[in-house]
Amino acid sequence: MFEYAPAPESRAIVDIKPSYGLFINGEFVDGTGTSFKTVNPATEEVLAEVAEASDADVDEAVKAARRAYTRVWSRMSGAERAKYLYRIARIIQERGRELAVLESIDNGKPIKESRDVDVPIVAAHFFYYAGWADKLKYSGYGETPLGVAGQVIPWNFPLLMLAWKIAPALACGNTVVLKPAETTPLTALLFAEICQQADLPPGVVNIVTGAGDTGRAIVSHPDVDKVAFTGSTEVGKAIARAVAGSEKKVTLELGGKAANIVFDDAPIDQAVEGIVDGIFFNQGHVCCAGSRLLVQESVADEVLERLKRRMSTLRMGDPLDKNTDVGAINSGEQLKRIRELSEVGDAEGAERWEVACDLPTKGFWFPPTIFTGVSQAHRIAREEIFGPVLSVLTFRTPSEAVEKANNTPFGLSAGVWTDKGSRILSMANRLRAGVVWANTFNKFDPTSPFGGYKESGYGREGGRHGLEGYLKGEAS
Ligand code: NAP
Ligand code: MG
């Protein structure tokens with residue numbers, strides 16, 4: 001054996017300021033409200049003091065967005081708008097390392113994920129929608145923008161969710177007011193600087209930081225024409241109620257409880273990699289995480305044995321270490337939620353197994369965990385844990401797998417592992433999920449629409465379908 005040599009990425013590339021204002025009308029301004037702190041969840045170090053936007057600040061941001069919409073952005077040709085989006089995409093690539101390091105510091109996710117997954121897909125999203133800006137007449141949803149979009153995003157993929165929201169909105173000619181999550185505001189504020197660097201006309205993008213109240217002020221603002229939200233089903237329902245009866249167009253991307261289904265003819269080692277990727281990628285803070293493993297009874301013992309062996313090799317710790325597979329839980333609050341629901345699993349009689357490893361003494365950590373002996377009625381099989389916790393159930397026939405997979409209020413994603421192409425197709429047809437991956441998991445591409453059924457929300461993001469939520473929708 002050899003000693004483990006850490007390989008931390010330098011944080012010298014990022015310049016975190018002691019305090020941040022709001023980005024309104026192309027400038028950073030002091031808010032009229034209070035402020036809050038954002039911390040590094042791996043160390044609990046306070047990173048910066050960030051302005052909490054008041055209702056008056058949100059109103060200023062919406063006014064700036066409206067002015068920019070009427071006077072500049074909606075009058076500009078699609079080809080001109082595209083130039084700005086391409087420029088933003090290129091700057092994101094150029095400043096990719098800075099964005100990745102900052103994302104890992106503020107969010108806790110491993111640098112190899114922020115560097116190799118989040119940031120490249122963010123750039124790809126801007127490139128992709130830049131390509132649509134002058135081709136909207138082929139979209140099938142008309143060419144007329146809605147106006148001002150109010151956008152509220154969660155903390156699990158701060159920059160990626162920002163890209164999913166802002167790129168299609170701008171490509172279609174809308175302007176935006178976006179609120180990042182309270183625990184992860186820093187990359188959105190760096191994105192604001194990138195907008196300045198790209199000479200984006202003032203007011204086209206406004207970033208207002210804050211907590212739930214700021215989000216509420218955005219979605220209920222009377223001069224917002226479109227509400228785009230990603231987050232919990234609970235808040236999504238509250239937003240749907242708040243905008244009901246208004247003219248606002250709404251898209252909601254909410255929670256999930258995906259089944260990852262492994263048949264006995266699947267290549268087991270690949271399936272094990274897919275199970276690990278499905279639930280331990282991004283500490284399981286993934287709306288489409290494969291948090292329910294459905295494994296065919298005849299191979300269950302073998303799959304579980306190999307899964308435990310593989311989990312024992314996962315390296316947990318410093319998010320900036322290039323070898324780290326599993327980083328920190330994003331907040332103390334989220335850690336508490338994961339612990340509580342896991343304890344419910346114990347009380348319900350499921351059997352807990354977790355990776356034996358030394359956890360850092362500072363910060364928020366939860367070891368990769370699986371529960372076996374889980375039945376469909378258990379809360380750990382029904383509720384979203386949003387952490388590195390997998391519930392394992394078994395099945396005998398494909399129909400039983402479909403029935404169990406669909407036995408959930410959610411319907412965001414699913415995975416199917418089998419050697420048979422015909423089975424993949426028949427399963428995909430029967431699974432009530434927005435995305436079905438076959439012999440892979442957690443694959444994201446800007447050309448591919450993403451979104452849910454049932455309580456996972458409505459509307460699609462990504463691909464041509466992603467334009468629908470930002471256009472008036474007259475038949476072309
Ligand atoms: P959350 O509490 O719903 O928060 C999401 C965002 O909404 C945050 O910016 C939050 O501000 C804000 N917010 C809170 N209350 C609000 C209100 N009444 N009106 C308007 N905005 C409000 O969710 P979370 O705990 O941050 O994120 C985890 C959840 O998001 C999970 O359930 C997960 O499944 C879901 N999610 C879904 C997708 C998807 O694509 N379907 C993607 C990622 C995450 P604060 O920052 O202050 O809380
Ligand atoms: Mg933070």
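Both ligands and their constituent atoms are indexed starting at 1 by order of listing. Note that these values count all heavy atoms, side chains included, but never hydrogens, waters or copies made by symmetry. In this text, all values refer to a predicted model and were calculated from it rather than measured experimentally.
Considering only residues two or more places apart in sequence or on other chains, S35 meets the side-chain contact (heavy atoms from CB on, under 4.5 Å) condition with E49. Applying the side-chain hydrogen bond (donor to acceptor under 3.5 Å, both in side chains) criterion to D30, with sequence neighbours excluded, gives no partner residue. Partners of A163 under the side-chain contact (heavy atoms from CB on, under 4.5 Å) rule, at least two apart in sequence or in another chain, are V122, H125, F126.
Other residues, nucleotides and ligands contribute only 12 or fewer heavy atoms inside 6.0 Å of the NZ atom of K37. Applying the 6.0 Å contact sphere to CD of Q196 captures more than 12 heavy atoms from other residues, nucleotides or ligands.
For a heavy-atom separation below 4.0 Å, the residues in contact with ligand 1 are V152, I153, P154, W155, N156, K179, P180, A181, E182, A211, G212, G215, R216, F229, T230, G231, S232, V235, I239, E253, L254, G255, C287, R337, E384, F386, L412, F450.
Under the 30°/60° scheme for interplanar angles, the aromatic rings of F28 and F23 are found to be tilted.
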